[in-house]
Asks: 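Quick one: the structure is below, questions incoming.
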Number of protein chains: 2
Amino acid sequence: MSRVPSPPSPASATPMSPRRATISDVAREAGTGKTSISRYLNGEFNVLSAELRARIEAAIERLDYRPNQMARGLKRGRNRLIGMLLADLSNPYSVEVLQGVEAACQALGYMPLICHAANEVEMEGRYLQLLTTYRVEGVIVNALGVREAMLKPVGSGGIPSVLVDRTVEGLDADMVGLDNEAAVRLGTAHLLARGYEEIVFVVQPYEHVSSRRRRVTAFQDAMRTTPQVRADTVVLDLQNDDAASAALAALDERIGKGADDDPNDPHEAHEAPPRIALFAGNAPVAMRIALHLNARYGAQWQRRVGLLAFDDPEWAELAGITTIRQPTRAIGYRAVEFLHQRIEGLADVARDCVLPGELIVRASTGG
Amino acid sequence: MSRVPSPPSPASATPMSPRRATISDVAREAGTGKTSISRYLNGEFNVLSAELRARIEAAIERLDYRPNQMARGLKRGRNRLIGMLLADLSNPYSVEVLQGVEAACQALGYMPLICHAANEVEMEGRYLQLLTTYRVEGVIVNALGVREAMLKPVGSGGIPSVLVDRTVEGLDADMVGLDNEAAVRLGTAHLLARGYEEIVFVVQPYEHVSSRRRRVTAFQDAMRTTPQVRADTVVLDLQNDDAASAALAALDERIGKGADDDPNDPHEAHEAPPRIALFAGNAPVAMRIALHLNARYGAQWQRRVGLLAFDDPEWAELAGITTIRQPTRAIGYRAVEFLHQRIEGLADVARDCVLPGELIVRASTGG
DNA sequence: CTGTTAGCGCTTTCAT
DNA sequence: ATGAAAGCGCTAACAG
C-alpha cells in the first residue's frame, strides 16, 4: 500500500490554465533576449542599461511574470528546498520546533518541505525517499525510527542532515536538542526538595528513542544518590491502549498505597501532602496521566499525586502542572543553521548542540 | 524586510555531494537509451522486453537512482505539488485539518507544500507568492486575510484553490468547513436547556473572518427567540494583550453580578448553579478564558460560570469543558478532493461543503 | 520493442 | 552592455 505520494504515477495529462508567462515571453514582450531577463531576475543591474532595465520591469509587470523555481533549480543544481521530517505534529513540541525552523528558513532563504510522519515509521521512510526525489538540499529529522541510512553520515555522500531531539542509530550527524541530563537533574532536585518519598518516571517505550533513553538513564542516575527515596520507571505505551491501561492501573496501585481513604469519596480528601510523584517523560504522557488521574480521583487528584512533566504545552498552565520547558524554537532555529553550514560545504565532525531546559513550578508539585 | 524565502537570492554556487545519478547515467549503465529508462520509470512495461527491463532494474539499483521530480515536473507541466496555507498551526484545529489533507494527498498522489503564516497577514501573502513560484498545481487556503486575489475566482485564470473554514472576500472559490449555523444552534440549545439566564458569546475580532462572523450572527439569531435570556457578544483580541485584558475584566463584571460572595474565599463556593454561561468562538479563546477564570476564581471557577467552546482540543477533556467538535479531518480530506477535481479541469460553479459539528457535553455546562 | 530528437524554463559561458 | 547557444534531467513525439 503506497500511502505517500509516490513519484507522479502514470498520470493523465491535464488542462493548464492560460499558462503562465515564461522568460521567453518576457524577452519577446520587452524586445530583448532571455539572457537580459535572467540578468535582471538575478539582480545583475550593473550590466543592464537603465533603459533596458525599465523595459524589462514593465514587461514583467504586464505579464505578471513569476520565474519558475523548478526550472531555476534544475539549471543551478540547488533549489533552496530543505526537508523537515516531523514525527508527530499533534505534539506541541513539534509545532514549536517548526516555528523555529520556519524563522530560520526565512532568514537564510530556504523553503521547508514539511513532512509529517504522524507516528508511522513506514511513512517516515517514504517521506525521506520522497524528499530525496525532490532533491532537497538537506533534511532536518525528528526521527521516529529511520532505518535506512539514506541520510548522510556526516562527510560521506548522501544528503546533509541534522537531527532534532533524537539521534538515529548508526548515523553520525549533527544533532540539536535538550540537555536531557541537566533537565532531569533539575526535575528530580525539585521533586526531592518537595519531599516526595517515591518518584516514578513515566515514559513511552524508549529503546528506540535516544532522548527518552537518556532521560530514563539520567533519572536513575540522579536517584541513586538518594536511596531513601524510592525510584522507579514505568513504560506507558500510548500507541497501545491495553498496555497503557495496564500501566496506568499499576500506577494507581502505587498511588493507592499509603492513601487508604475511599478514592470514590471526594470529600475525604487528603490533608497531608502526597507521598508520591510522577515524572512524565513528555507532554503526551503527561496528558494521558492527567486524564487518567482526573477520571479516577476527580479534579482533586493533585492532592494524591505529584506530577512533573517534560515539555510545557499551553494546557499545563491551565491544569497547574509543573514542567520542564524546552527551548523549542531555539532548537529549530539552530537546526537550520547547522544544516545551512553543511549545505554550504562544512565537513567537520558531527556536532552536538544541547540547550538547557527551564523548570516551571506550578501547583502539581505542591506549589 | 523579506521574511519569507524569496526566490533564490543571488546565492553563491555550492559544492554538491558526489552528484546523484541521472537518467543518462542509468541509460549508459544499462547500455540503452534514456527513452527506455523513462518508459521503465513510468511503468510502460508492456513496451519493454523482459530482458531490457531486467537490465534497467539492475542499473537503477546499482546506481541508487532516483528520478528528479523537478525535472519531470518541468517537462510534464505538472509537479503534483499543492500548497497548503495555514493561518495558525498552534491551533489544534489546523493540525487536525492538516492530517486530513495529508491523508487525501497520499491517496491522490499529491505532495502538500505546507506554509504556516503564524498569524501574520504579511507572511500569508508572501507564501502565496512563493507557492506560485514553485508552480503548485493548486492551493488550499485557511486564510488570515488574503488581499491579493492571486487566487483563482473559479473559472477565471489563476491558480485553482479551495478555501477552508473561511471565505476570502471577493473570491468565488470552493469552500469547505463547519456548518456554523447548525453548530451554534446546537450550542445555544444546550445552554438554554441548562437554564442559563445570560449567555455571552466570546469571539476574536470577526470582521475579516467569515466563520467567526457567521457564528456571531447565528448566535444572535438563535437568541432572538428567547428574549428572556440575556445574550451578548464580546470581542476578545488575543493578539492584543491590553484589549484582551480589558475584555476579560468586562466579563468578570458580568460574572460578579448576582454572585456576591468573596471570590478569594474558595470555601464559600456557590451551591446554586451559575446563572451565566460563556460561549467561546474557538479553542484559543476558550483557553484564554479558562486561564483567566482559573487565575481569578481558582480551580472552582466552573461553579461560577458555564463554558461552552467551539473546537475540541485534547485539553478540553481534561478541563471538563463542553465543546462543539468539528469534523476537522474530514474537512481537510474534502478540501483536497475538491482541489483535485479543479486541477483535473472541473469548471462548475464554486461549491460549498458544510460539515456538521458534534456537541460534546462535559462538566463546564453543569454536566 | 527501441532509440533519436526536440524541447520544458531557466542560467551560463562565450562571443560581439 | 547584450545576445546566441548549450545544456540541467526528464518526457514525448517520431522514426525505425
Side-chain angles (χ1 to χ4, degrees), chain A residues 7-14 16 19-56 60 63 65-80 132-135 137, chain B residues 7-14 16 19-56 60 63 65-80 132-135 137:
Chain A
S9 24
S12 50
T14 297
M16 280 290 279
R19 224 191 84 266
R20 271 208 162 284
T22 77
I23 199 174
S24 300
D25 299 329
V26 180
R28 195 176 326 112
E29 179 79 13
T32 177
K34 322 194 290 182
T35 315
S36 296
I37 310 297
S38 177
R39 290 201 175 104
Y40 174 88
L41 294 177
N42 292 296
E44 300 168 29
F45 301 125
N46 44 331
V47 265
L48 285 181
S49 66
E51 194 268 331
L52 181 51
R53 177 173 168 179
R55 258 160 52 216
I56 295 180
I60 288 185
L63 270 42
Y65 170 70
R66 301 264 197 284
N68 183 328
Q69 286 307 318
M70 300 306 186
R72 303 180 93 172
L74 186 55
K75 183 73 214 171
R76 281 215 177 113
R78 8 180 5 185
N79 53 200
R80 311 250 75 183
T132 106
T133 246
Y134 275 102
R135 294 296 187 273
E137 298 183 34
Chain B
S9 23
S12 50
T14 298
M16 279 291 279
R19 226 195 80 266
R20 272 208 162 281
T22 78
I23 198 174
S24 299
D25 298 330
V26 180
R28 195 176 326 110
E29 179 80 13
T32 175
K34 320 194 292 183
T35 313
S36 295
I37 310 298
S38 177
R39 291 203 175 101
Y40 174 88
L41 295 177
N42 292 295
E44 298 168 31
F45 301 126
N46 45 331
V47 265
L48 286 179
S49 65
E51 194 268 331
L52 180 52
R53 177 175 169 179
R55 257 159 53 215
I56 295 181
I60 288 185
L63 271 41
Y65 169 70
R66 300 265 196 283
N68 182 329
Q69 287 306 319
M70 300 307 185
R72 302 180 95 173
L74 186 56
K75 180 76 221 180
R76 282 214 176 115
R78 5 179 7 184
N79 54 21
R80 311 250 73 185
T132 108
T133 245
Y134 275 103
R135 294 293 188 276
E137 297 183 34

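In what follows, chains are A, B, ... by sequence order, proteins preceding strands, each numbered from 1.
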Asks: Mind checking what makes side-chain hydrogen bond (donor to acceptor under 3.5 Å, both in side chains) contact with B:Arg28, not counting sequence neighbours?
Replies: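 If we apply the side-chain hydrogen bond (donor to acceptor under 3.5 Å, both in side chains) test to B:Arg28, skipping adjacent residues, the hits are B:Asp25.
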Asks: For A:Tyr65, which contact category applies under a 4.0 Å heavy-atom criterion: base, sugar-phosphate, or nothing?
Replies: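 Sugar-phosphate, no base atom in range.
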Asks: Using only modelled atom types and a 3.5 angstrom limit, is any donor from either the side chain of B:Lys75 or the base of C:dG7 paired with an acceptor on the other?
Replies: yes
Asks: Less than 4.5 Å apart, any side-chain heavy atom of A:Arg20 and any of B:Thr132?
Replies: yes
Asks: Under 4.0 Å from OP1 or OP2 of C:dT11: is there any side-chain N or O of A:Asn42 that close?
Replies: yes
Asks: Side-chain contact, heavy-atom cut-off 4.5 Å: A:Arg72 with A:Leu74?
Replies: no
Asks: What nucleotide among C:dT11, D:dA1, C:dT2 has an atom nearest to a side-chain atom of A:Ile23?
Replies: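 Closest nucleotide to the A:Ile23 side chain: C:dT11.
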Asks: Would you say C:dC10 has OP1 or OP2 under 4.0 Å from some side-chain N or O of A:Ser38?
Replies: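 No, no such contact exists.
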Asks: Whole angstroms only, please: what is the OH-P distance between A:Tyr40 and D:dT2?
Replies: 14 Å
Asks: What is the distance, rounded to the nearest whole Å, between atom CD of B:Glu137 and atom P of C:dC8?
Replies: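 That distance rounds to 19 Å.
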Asks: Out of D:dT11, D:dT2, C:dG9, which nucleotide sits closest to the side chain of B:Leu41?
Replies: D:dT11
Asks: Mind checking the CZ-OH spacing from A:Arg55 to A:Tyr40? Nearest 0.5 Å is all I need.
Replies: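 One finds 13.5 Å between CZ of A:Arg55 and OH of A:Tyr40.
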Asks: Of the listed nucleotides (D:dG3, D:dG9, C:dT2), which one gets closest to any side-chain atom of B:Thr22?
Replies: D:dG9
Asks: Quick check on contacts: within residues 25-35 of chain A, what sits under 4.0 Å from DNA chain C by heavy-atom distance?
Replies: A:Lys34, A:Thr35
Asks: Between B:Met70 and B:Asn79, is there a side-chain heavy-atom distance shorter than 4.5 Å?
Replies: no
Asks: When the distance from CD1 of A:Ile60 to P of C:dC10 is rounded to whole Å, what number comes out?
Replies: 10 Å
Asks: To the nearest angstrom, how far is A:Arg135 atom CZ from D:dC8 atom C1'?
Replies: 12 Å
Asks: Rounded at 0.5 Å granularity, tell me how far OG1 in B:Thr133 sits from CZ in A:Arg66.
Replies: 7.0 Å
Asks: Find the distance B:Arg55:CZ to C:dC1:P and express it as a whole number of Å.
Replies: 15 Å
Asks: Does any donor-acceptor pair link the side chain of B:Arg66 with the base of D:dG9 at a separation under 3.5 Å?
Replies: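 By the distance-only test, no, there is no pair.
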Asks: Measure from CG on B:Leu74 to P on C:dT11 and round the result to the nearest Å.
Replies: 12 Å
Asks: Figure out the CG/P separation between A:Asn79 and D:dG9, and round it to whole Å.
Replies: 13 Å
Asks: State the OG-CG distance between B:Ser36 and B:Leu52, to the nearest 0.5 angstrom.
Replies: 5.0 Å
Asks: When we call it a touch if two heavy atoms are under 4.0 Å apart, what does B:Ile37 touch: a base, just sugar-phosphate, or nothing?
Replies: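 Nothing, no heavy atom under 4.0 Å.
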Asks: So, taking the atom named OG1 in A:Thr32 and the one named CD1 in A:Ile37, what distance separates them when rounded to the nearest 0.5 Å?
Replies: 5.5 Å
Asks: Taking the minimum atom-to-atom distance to the side chain of A:Arg72, which one of C:dC10, D:dG9, C:dT2 wins?
Replies: C:dC10
Asks: Given atom CD of A:Glu44 and atom C1' of D:dT2, what is their separation to the nearest angstrom?
Replies: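 About 12 Å, once rounded to whole Å.
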